[in-house]
Amino acid sequence: MTTRINPSILAADWANLEHELGRIATADLVHVDIMDNHFVPNLTFGLQMVERLQQVSPIPLDVHLMIDDPDRWAPAYAEAGAFSVTFHAEAAGEPVSLARRLRQIGARAGIALKPGTDATPYLDLLPEFDQVLVMTVEPGFGGQSFIHETMPKLARVADAVHDAGLDVWLQVDGGITADTIGIAAEAGADTFVAGSAVFNGDVPADRIASLRASAAAHPHRHAPRHR
Ligand code: DX5
Ligand code: ZN
């Protein structure tokens, strides 16, 4: 089972982003939070920033769109070269056609679920996606506490992916630390976003390594038993 650690630059020094990207080069992807002050009550940056990050980042971009009307805005992020583009189920008008469009452009398509959003309506759509993001905090701000009540939903999605024999990455985002990452790994996550846990330390690479070690110490619910 591959474990991916995706640091969120929401918690980085925005005045020195190229330098910050260099400090997380041992991570798998860089998580880029796009907030529009409508879908969530906070504002970050948009396409122009992503185009520039794409030029200087040593690792691929994992774009998380916390915006209204992703049907209209998401494809441009794929065209900018993002490795994956994840939009919110609650905001999308036509999630399947949007996912197909993102894949057609060449990005991995992701769908995100807020903590209160039921996964049931989306389980039949799993083949249309490369990634499901189960939010483990209310989207909008870094540094919040992990919501444990989201774990049964994560496990249900993990079981559905496994039962269907799909290769869909399961991402968690919000409150991921060396203490909580194992809980999410056991519930079925393989891709872990961490903002403050990576950047609120002197050496982000050490934080990335310790998150990786903590995840590995907790076997995934569908990991082969004989290992
Ligand atoms: C929250 C964002 C997260 C955020 C996570 O809405 O989607 O990606 O950066 O921050 P931490 O890891 O500090 O909870
Ligand atoms: Zn995020």
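These figures come from a predicted structure and were not determined experimentally. Counting starts at 1 for both ligands and their atoms, in listed order.
In summary, the atoms of ligand 1 found under 4.0 Å from a heavy atom of P139, numbered by their order in the structure, are 6 (O). Against a heavy-atom cut-off of under 4.0 Å, G142 is close to the following atoms of ligand 1: 10 (O), 13 (O). Within ligand 1, counting atoms from 1 as listed, the ones closer than 4.0 Å to a heavy atom of H31 are 8 (O). Every atom of ligand 1 with a heavy atom of G174 under 4.0 Å away is listed here by number and element: 14 (O). Using a 4.0 Å cut-off to heavy atoms of V193, the atoms of ligand 1 that qualify are 8 (O). Applying the 4.0 Å criterion to heavy atoms of H64 picks out, from ligand 1, the atoms 7 (O). Counting atoms of ligand 1 from 1 in the listed order, those under 4.0 Å from a heavy atom of S196 are 11 (P), 12 (O), 13 (O). When each atom of ligand 1 is checked for a heavy atom of M66 under 4.0 Å away, the hits are 6 (O), 7 (O).
The Zn ion (ligand 2) forms the vertex of an angle spanning NE2 of H31 and OD2 of D173; to the nearest 10 degrees it equals 100°.
Under 4.0 angstrom from ligand 1, the non-hydrogen atoms of A194 all belong to its backbone.
Protein heavy atom nearest atom 1 (C) of ligand 1, with residue, atom name and distance: F141 O, 3.5 Å. The closest protein non-hydrogen atom to atom 12 (O) of ligand 1 is G195 N, 2.8 Å. Looking at atom 3 (C) of ligand 1, its nearest protein heavy atom turns out to be D173 OD1, 2.9 Å. Among protein heavy atoms, the minimum distance from atom 14 (O) of ligand 1 is reached at G175 N, 2.8 Å. Nearest non-hydrogen protein atom to atom 9 (O) of ligand 1 is S8 OG, 2.8 Å. Here the protein heavy atom with the shortest distance to atom 6 (O) of ligand 1 is G140 N, 2.7 Å.
Taken from CG in D36 to CD1 in I34, the straight-line distance is 10.0 Å, to the nearest 0.5 Å.
Note on D163 versus R156: no salt bridge recorded, every NZ/NE/NH1/NH2 to OD/OE distance being 4.0 Å or above. Salt-bridge formation is not detected for the pair E186/R221: no Lys NZ or Arg NE/NH1/NH2 atom is positioned less than 4.0 Å from an Asp or Glu carboxylate oxygen.
Considering backbone and side-chain N/O of E138, none are found under 3.5 Å from N/O of ligand 1.
Between M135 and V137 the shortest side-chain heavy-atom distance falls below 4.5 Å. Contact of the Q171 side chain with the R4 side chain is not registered, since no non-hydrogen atoms from C-beta on lie closer than 4.5 Å. For the pair T117/K114, a side-chain contact is recorded, criterion being any heavy-atom separation below 4.5 Å from C-beta on. Under the 4.5 Å side-chain criterion, counting only non-hydrogen atoms from C-beta, R103 is in contact with D130.
Of all N, O or S atoms in H64, the one lying closest to the Zn ion (ligand 2) is ND1. Residue D33 approaches the Zn ion (ligand 2) most closely through its N/O/S atom OD1.
Close to ligand 1: G143, with a non-hydrogen atom less than 4.0 angstrom away. Heavy atoms of A197 come nearer than 4.0 angstrom to ligand 1 in no pair at all.
Taking the six-membered ring for Trp and the full ring otherwise, the centers of W14 and F45 sit less than 6.0 Å from each other.
Between the side chains of H31 and D62, at least one donor N or O lies within less than 3.5 Å of an accepting N or O.
Of the possible polar contacts, none joining the K153 side chain to the D118 backbone as a donor-acceptor pair under 3.5 Å is found.
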Between T44 and D33, does the side-chain hydrogen bond (donor to acceptor under 3.5 Å, both in side chains) criterion hold? Intermediate values first, please. CA-CA 7 Å; T44 55; D33 288 308; over 6 Å; no

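Across all non-hydrogen atoms, the minimal contact from P7 to V198 is CB-CG1, 4.0 Å.
Below 30°, between 30° and 60°, or above 60°: for H162 and H222 the angle between ring planes is below 30°, a parallel geometry.
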